[in-house]
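Source: prediction; values computed, not measured.
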Amino acid sequence: MQQPLPETFLKPYDPAENEPRILELWERSGYANPDVCVEKGVTKPDAPTYSIVLPPPNVTGTLHMGHAAMLAIEDILIRYHRMRGYKTLWLPGTDSAAIATQSKVEKNIQKAEKKSRYDLGREELLKRIDAFTEESKKTIIEQTKRMGSSLDWSRYAYTMDEKRYAAVMEAFVRMYEAGLIYRGDRIVNWDPKGQTTVSDDEVTHEETAGTLYTFRYAKDFPIPVATTRPETKVGDTGVAVHPDDARYKTYIGKTFNVEFAGAHLSLKVVADEAVDPAFGSGAVGITPSHSFTDWEIAERHDLPRVQVIDERARMTEAAGPLVAGKKTLEARALIVEWLKERGLLEGEKQVPMNISKAERTGGTIEPLPKLQWWIAVDRSAKFPDGRERTLKEWMRSVVEEKKTDIIPERFEKIYYHWIDNLRDWCISRQIWFGHRIPVWYRRDESGNVVETIVSVDGPSSAKASEGKWEQDPDTLDTWFSSGLWTFSTLGWPEETDDLKTYHPTSVLETGYDILFFWVARMILMSGFLLGDVPFRKVYLHGLVRDEKGRKMSKSIGNIIDPLTMIDKFGADAARLSLVIGAQIGNDVKLSENRVRGYKHFANKIWNISRFVLENTADADMDAPLTDEDKELLREAKRVVAEISRYIDDFRLDLAGDAVYHYIWDRFAAEILEESKPILKDGGEAAASRRSTLNAILLISLKLLHPFMPFVTESIWQELSRKECDLLMVAKWPN
RNA sequence: GCACCCUUAGCUCAGUUGGUUAGAGCGUUCGAUUCACAUUCGAAAGGUCUCAGGUUCAAAUCCUGAAGGGUGCACCA
């Protein structure tokens, strides 16, 4: 006697029809929230925890393949652990992405109203940005859901919401009080296009052809000097040579006054180990204000600093009348001309040269001296465990001592290398959208700062009456707030239950491209503020590239849109295609064909289920099993063990592959085929096989569920006998 | 310059501590089909495992070197 099959099974699996329905079921169930799971008895109250904080996508962004890969991987880990009975939390959020968002809104306003941010003023611009982000966040959230991500939206956080803002203020004040944050006049990476400073990590180097000019400052100047940037030479205050360089030894310590391209230069010859006597003329003209290495040399030898380039990348008055007010490149031409006319140019050579660019805006970086806020990475401070150490020491030690594992391991070396080269982190930005620096200044009539207050709430009312206070106009580097993300999302600085339960998080899963930007900063912040690591493991996935291995970019036009893939082939297929073939830390090459292949697979499990249900609906699950069937179940167990081990080892690629092959090649192609005659013959063998097929189907659905949640859940809904209403919270087989 | 990764079938990639005849998907060719599935099934063709040495009874796998591709970091003025 057969039960009538649900009609849905009579046609091929249609993702478009099933996915929205299933999403709604999941959302209504509330099972993505671990508290609900405990409440409904799905998870034991004292179960071990498993937590991941979602790397927050840009609030104004749209879902791209990188996000899709991230969501697929994390959702697999989350669903697997939830099914294994862990108290499982996956916490969603969005990021304000300060510079990117502000410039986007500015651009829109410029286009629509022909107004700049200065026309609008700070307050109005921020209002506009808030309105814009509020509107556009719906897009990214909706798109995130469509991937089937079982995130706990009841805990949604935004880097600029009230709680996160308060956490940032608190962190700043604590670090300031510990002496880890200081204000300093130092050379910074200035982005003339974005009109802001950027950190070392936000600078990229582009190789271009440059000219190395060898020249003398004046006819009677004894040492020739080489440079690729003649325009900066009007800011020189010294010439450095190697201490052992016989050619120049006699001049060390002497000062020469020269007239150079309209500027009066006073050049002191100093000996410094940093100079390579074999390069160029073996002597370096020192421009302290516009070169990082020169700044350091100048510091060692106490050379004065002259700023000859301003924030708009134009020459200052101090550069002298010949070039003042000119753009740097114009100034360069003028100075080369000046040198040629006077016969001071001794050589010109084409050399490859790296130009520094701001990653976000593409502006050419000008190193400039500026008064900025910094995080000291080499200064000792007291950590919550009572021990004194520097931030660098902490960052190094947590990975060395395996408090945090980086997977794949090879990134550990890259991480150490980064730490060794790390300089103090410039955290202040001259943009308006972001977490404003919690520092207030009181000035006297002539504008000099006479008092400074660093506090979360600003000057107290008593203080406020003492005079006019102004808050520092700058905002914080967006990665400052991102660094707090694992614990600010859990309620820090309050001692919340969530914080106690879910921190440190189990895994941070993200692209390797933000290892330094983000991963390292989280380790830093969590270390100093909580005395603990932010996560036990860092799992770095590769970048998604096109089928030829190129980066996806608008200009090449090779972008594969995850939403288009979902529409065409279903979210399940999109997920699997991003996981299988993606070896840890290696890039994934994606093509539509691959996604299509996995759509076929979704249909395969659909039809397997149909066959099994048609033939075994009346199965007696307690029927005595034949030896053959016992072996089939043992085999299924071995597959479960194999797949569990792969997932535990973060080999989701192999796990996915193993599920795929077990279900298709073993279950469908062999077991079902050989079952047909057995079922036909009837008798005890048939009864045994019916029960076995049923059991294997359940195991298969569970194994596949983390990878293809929609189709498996759709099938689960059609089962008449099941242990729980949703496959999402069914028990992982063992 | 320093470091890291990659190179296996036409394409995309598996191959974990060395161990039968090196695998899969897609593509190609041939065939099947009242069957749960034409989103199927079966079969075939297709490999000097980039190259050159070495270790070993045994190397795609370990070691050394080279070539090509990619990435990170540092940059010399």
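Comparing the C1' positions of rG68(B) and rA32(B) gives an interatomic distance of 45 Å, to the nearest angstrom. Distance noted for atom C1' between rG23(B) and rC62(B): 22 Å (whole Å). Remark: the separation of the P atoms in rA59(B) and rC76(B) is 49 Å, to the nearest Å. rG31(B) and rA24(B): their C1' atoms are spaced 22 Å apart (whole Å). Here the separation of rG65(B) from rU71(B), taken at their C1' atoms, is 23 Å to the nearest Å. The same atom, C1', is picked in rU61(B) and in rA14(B); the two are 13 Å apart, to the nearest Å.
As a whole-Å value, the separation of Leu613(A) CG from rC37(B) P is 14 Å. Computed from coordinates, the Asp657(A) CG to rC26(B) P distance equals 12 Å when rounded to whole Å. Atom-to-atom, CD1 of Ile608(A) to P of rA36(B) comes out at 13 Å; the value is rounded to the nearest Å. Between the CD1 atom of Ile414(A) and the C1' atom of rU71(B) there is a distance of 8 Å, rounded to whole Å. Summarising the geometry, the separation between OH on Tyr660(A) and C1' on rA14(B) is reported as 14 Å, rounded to the nearest angstrom. Rounded to whole angstrom, the span from the CZ atom of Phe667(A) across to the C1' atom of rA36(B) amounts to 11 Å. When rounded to the nearest whole Å, the span between CG of Asp653(A) and P of rG15(B) equals 7 Å. Atoms CZ (Phe569(A)) and P (rC26(B)) sit 14 Å apart, rounded to a whole Å.
Under the 4.0 Å criterion applied to side-chain N and carboxylate O atoms, Lys340(A) and Glu348(A) are assigned as salt-bridge partners.
Pairing for rU7(B) is with rA67(B), a Watson-Crick or G-U wobble pair whose two hydrogen-bonding atom distances lie under 3.5 Å.
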Any protein N or O atoms within reach of nucleotides 38-46 of chain B? Criterion: under 3.5 Å, listing atom names and distances.
{"residue": "rU39(B)", "atom": "O4'", "partner": "His600(A)", "partner atom": "NE2", "Å": "3.4"}
{"residue": "rU39(B)", "atom": "O2'", "partner": "Asn603(A)", "partner atom": "ND2", "Å": "3.2"}
{"residue": "rU39(B)", "atom": "O2", "partner": "Asn603(A)", "partner atom": "ND2", "Å": "3.3"}
{"residue": "rU40(B)", "atom": "O3'", "partner": "Lys604(A)", "partner atom": "NZ", "Å": "3.2"}
{"residue": "rC41(B)", "atom": "OP1", "partner": "Lys604(A)", "partner atom": "NZ", "Å": "3.2"}
{"residue": "rC41(B)", "atom": "OP1", "partner": "Trp664(A)", "partner atom": "NE1", "Å": "2.5"}

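Checking side-chain atoms of Asp191(A) against main-chain N and O of Ile365(A) turns up no donor-acceptor pair under 3.5 Å. The main-chain N or O of Met708(A) is never found under 3.5 Å from a side-chain atom of Tyr598(A) such that the two would form a donor-acceptor pair.
Residue Phe292(A) is out of contact with every strand shown, counting any heavy-atom pair closer than 4.0 Å. Within the 4.0 angstrom heavy-atom criterion, only backbone atoms of the sugar-phosphate kind lie near Thr228(A); the bases stay farther away.
Just one of Trp338(A), Phe260(A), Phe221(A) meets the ring pair (Phe, Tyr, Trp, His ring centres under 6.0 Å) condition when paired with Phe215(A); it is Phe260(A).
Defined by atom type and a distance below 3.5 Å, a donor-acceptor pair is missing between the side-chain atoms of Trp479(A) and Asp201(A). No donor-acceptor contact under 3.5 angstrom links the side chains of Lys268(A) and Thr237(A), judged on distance only.
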Quick one: side chains of residues 639-648 of chain A, donor-acceptor pairs under 3.5 Å with protein atoms, not counting sequence neighbours, listed by atom name and distance.
{"residue": "Ser644(A)", "atom": "OG", "partner": "Val640(A)", "partner atom": "O", "Å": "2.7"}
{"residue": "Ser644(A)", "atom": "OG", "partner": "Trp732(A)", "partner atom": "NE1", "Å": "3.0"}
{"residue": "Asp648(A)", "atom": "OD1", "partner": "Tyr80(A)", "partner atom": "OH", "Å": "3.0"}

